[in-house]
Amino acid sequence: MKDINWGELSFGYVKTDYNVRCYYRDGKWGELEVSSDENVNLHIAATALHYGQESFEGLKAFKGKDGNVRLFRWEENAKRMRNSAKGIRMAEVPDEIFIAAVKKVIKLNDRFVPPYGSGASLYLRPLLIGSGPQVGVKPAEEYMFMIFVTPVGPYFKEGFKPVKIKIERNYDRAAPLGTGNIKVGGNYAASLNALYDAHEEGYASSLFLDACEKKYIDEAGPANFFGIKNNTYITPKSTSILPSITNMSLIEIAKDMGMNVERRAIEVEELSTFEEAGACGTAAVISPIGQIDDVANDKSYVYTTGEAGKISTELYKRLQGIQMGDVEDKFGWVELV
Ligand SMILES: Cc1ncc(COP(=O)(O)O)c(C=O)c1O
């Protein structure tokens, strides 16, 4: 293996040594298998390919100063994947198999866990797909659960920098009674044009609105949205957004910092009242938002033209500190591998 320059890694795919796989056949899950093949051999009529029976997760493992590898709230990822499976009628992966696969794939790829202090971490991508064939629109009878890992770099190479995003008014990501609240591939397919346009126009991401009334904030690309005002952390309540594990953790940290928390509908106009705004998710923890443009209405909401806000920065430091093992884990979120 070439030496990896941990600090130069992006959020992309790097080949590692092994992945793990488990098959659901005849109504039950089999034994965990180890593979060094990056390819998947799939039936041409697999439901994942035709009817979108596909769900994935994303979580990270961090090496601490003490040399231990830490996992952050994996139970929440396992639970969300079970909900995703229910949402599109797939076989659910039991927690025991989920965590056994997580630990095994980390241990097998130990040399790819970035060192403490590099800012990099090991990203885990669990994947559940309908692998059995169907021609009519029906759920598969066979499923495949896999996890691959890839080392990913620090999200903010040049520091914790505020980004500019745009309100999306040309596309909807998810319907109120659709699949926006589970982590299935179809939601991401539906967001690609919006994200492509946003990037072309120089924005870091799109801010999706509720698909029904176009009145409320949903989420920011692959991240939840939050705003801060009057010592209150405010984040959208909506049936069409993904329950972010980062967001639920920031909520607890905000309370611990003595802030109030509100989870409720946020009207677009309320954007003008926030002191700080951010997007949160596993990839970056927090992307501070400097500016939100509502191009169609010729409006801009500006939060900062320089540094990230004080509260966002404190939330970021506290959560990242817990993940890395630098800050006491008083919430019991971290598990050693
Ligand atoms: C649509 C969407 N929203 C929010 C998030 C953030 O969720 P989490 O904090 O669990 O990574 C993600 C990333 O998983 C996502 O894909």
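In each ligand, atom 1 is the first atom listed, and ligand 1 is the first ligand listed. All of these numbers come straight from a predicted model, not from anything done at the bench.
Within 4.0 Å of ligand 1, contacts by protein heavy atoms are made from Arg80, Arg173, Lys183, Tyr188, Glu219, Gly221, Pro222, Ala223, Asn224, Leu242, Ser244, Ile245, Thr246, Cys280, Gly281, Thr282.
Between Tyr123 and Phe11, the distance from one ring center to the other falls under 6.0 angstrom.
Residue pairs meeting the side chain to side chain donor-acceptor pair (under 3.5 Å) criterion with at least one partner in residues 128-141, sequence neighbours excluded, are absent.
Between Trp333 and Phe72, the two ring planes are perpendicular [angle over 60°; tilted spans 30° to 60°].
Under the side chain to side chain donor-acceptor pair (under 3.5 Å) test applied with Ser238, the options Asp210, Asn224, Asp218 reduce to a single match, Asp218.
Lys215 pairs by the salt bridge (charged side-chain N to carboxylate O under 4.0 Å, His left out) definition with nothing, not counting sequence neighbours. Residues satisfying the side chain to side chain contact (heavy atoms under 4.5 Å, CB included) criterion with Asp256, sequence neighbours excluded, are Arg318, Lys330, Phe331.
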